[in-house]
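Worksheet: the structure to be examined is printed underneath.
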Amino acid sequence: LAEFGGLEEQVVINFSTIADLDNYDIKHVSESYNVAGLDLSAGGDEQVVVIRNGNKVIGVEAFKYADTTVLLDRLAEVFYKYDLDNSDSVIYGDAGGLGKPILDQLHRDGWNVNYVLNQAAPYNKLAYLNRGAELWYSIARHIENAEIIIPADVTLRKQLASRYYAVTPQNKIQLESKRQAKAKGHASPDRADAFVLAFADYRGVLPSRVISREPVVQ
């Protein structure tokens, strides 16, 4: 891949792949507890919680608070709303930058927080530069297999289809940084990042699915 030009303009997930999900009647494989992904910022970008039950996203909560104390109160409201105080529930949060101190406080408040650092080493060190790229490609496979139910959230779907990647000289896949994305006019993928975090532990139990209608020919 490194021998080809223009790789920085390649997306991890094509929008047509996401749109194709609407052609399937994907069955909800439910679980007795909910899982959430949490993408944090200092207020300039959206702060987002994506909640799933099994293979279905059941909530996307997005807001902007510059005051972290107000943000923590709002997060607690969302967590209780979706029963994330269940002992089996997990909240996967981005621990990079300003995220870690907020996650630390959530942990002190008794929430079951799992810290995810995108720059951490991936499990597959031959294919990916870091854990963040690996997580995005994992969710891409689940979408390609039509395993998960994505809500009709236009912003979320656009962001999922707007995550760019490049290939390092060592032939490892890396995601475009948020700084690079902004410089090129790409939207910050806050909802998409929270979505990917919500499925960080998802192992892809294939649900029963059938085509609900004829695929739309573009």
Side-chain angles (χ1 to χ4, degrees), residues 1-22 37-50 52 57 60 62 64 92-99 115-202 204 216 218:
L1 290 176
E3 295 178 1
F4 294 89
L7 285 175
E8 71 280 358
E9 295 301 319
Q10 297 296 314
V11 292
V12 178
I13 307 169
N14 290 320
F15 189 82
S16 61
T17 304
I18 298 171
D20 283 345
L21 294 179
D22 295 332
L38 174 60
D39 186 72
L40 295 164
S41 74
D45 295 323
E46 282 187 327
Q47 297 132 347
V48 186
V49 186
V50 170
R52 72 172 177 89
V57 172
V60 178
K64 290 184 181 182
Y92 290 90
D94 181 1
L98 295 171
Y115 295 62
V116 178
L117 189 61
N118 287 327
Q119 299 306 316
Y123 292 114
N124 186 345
K125 297 181 176 63
L126 292 177
Y128 305 104
L129 183 66
N130 52 39
R131 183 65 178 143
E134 189 171 46
L135 286 172
W136 264 86
Y137 269 84
S138 175
I139 203 69
R141 286 192 294 273
H142 294 315
I143 291 175
E144 289 169 1
N145 292 334
E147 298 175 30
I148 57 181
I149 302 171
I150 303 176
D153 182 311
V154 175
T155 300
L156 170 60
R157 290 186 172 208
K158 284 184 177 180
Q159 289 183 8
L160 283 170
S162 302
R163 200 66 166 102
Y164 295 80
Y165 75 90
V167 179
T168 71
Q170 294 76 32
N171 285 329
K172 296 183 180 182
I173 295 173
Q174 64 177 350
L175 297 176
E176 177 184 63
S177 71
K178 288 190 175 182
R179 180 179 297 180
Q180 291 172 325
K182 287 184 178 181
K184 295 178 180 178
H186 300 156
S188 182
D190 308 302
R191 299 190 189 196
D193 281 341
F195 178 94
V196 171
L197 287 167
F199 284 90
D201 65 349
Y202 184 67
V216 177
Q218 300 294 332

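All heavy atoms count here, side chains included; hydrogens, waters and symmetry mates do not. In this text, all values refer to a predicted model and were calculated from it rather than measured experimentally.
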Side-chain contact, heavy-atom cut-off 4.5 Å: [X] with [Y]?
X	Y	answer
D39	D94	yes
I143	I150	yes
I149	V57	no

Please find the pair of heavy atoms, one from [X] and one from [Y], that lie closest to each other, and give the distance.
X	Y	value
R157	D22	NH1-OD2, 3.0 Å
I173	A133	O-CB, 3.6 Å
V167	N171	CG1-CA, 3.5 Å
D153	R191	OD2-NH1, 3.1 Å
L197	L38	CD1-O, 3.3 Å
N124	E134	N-OE2, 2.8 Å

Quiz item: Should the heavy atoms of other residues, nucleotides or ligands under 6.0 Å from NZ of K172 be counted, would the total exceed 12?
Solution: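 Atom NZ in K172 is packed in, count exceeds 12.
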
When rounded to the nearest 0.5 angstrom, what is the spacing between [atom1] in [X] and [atom2] in [Y]?
X	Y	atom1	atom2	answer
L160	I18	CG	CD1	4.5 Å
N118	L129	CG	CG	11.5 Å
E147	L21	CD	CG	10.5 Å
E144	N14	CD	CG	8.0 Å
D193	E46	CG	CD	11.5 Å
R131	Y123	CZ	OH	5.0 Å

Quiz prompt | Candidate pair I139 and V12, rule side-chain contact (heavy atoms from CB on, under 4.5 Å), full reasoning | solution = CA-CA 10 Å; I139 203 69; V12 178; over 6 Å; no

Self-check item: By side-chain hydrogen bond (donor to acceptor under 3.5 Å, both in side chains) - contacts of D190 (at least two apart)
Solution: S188

Quiz item: With sequence neighbours excluded, what pairs up with N130 under the side-chain hydrogen bond (donor to acceptor under 3.5 Å, both in side chains) test?
Solution: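 Expected list: Q119.
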
Quiz item: Partners of F199 by ring-ring contact (aromatic ring centres under 6.0 Å, His included), sequence neighbours excluded?
Solution: F195, Y202

Quiz item: V60 and T155: side-chain contact (heavy atoms from CB on, under 4.5 Å), yes or no, with the steps?
Solution: CA-CA 11 Å; V60 178; T155 300; over 6 Å; no

Quiz item: So, the side chain of R163 versus the backbone of E176: is there a donor-acceptor pair under 3.5 Å, distance only?
Solution: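 Pair found, side chain donor or acceptor close to backbone of E176.
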
Quiz item: So, the side chain of Q174 versus the backbone of T168: is there a donor-acceptor pair under 3.5 Å, distance only?
Solution: no

Practice problem: Look at the rings of Y128 and Y137 and say which category their plane angle falls in: under 30° parallel, 30 to 60° tilted, over 60° perpendicular. | Solution: tilted

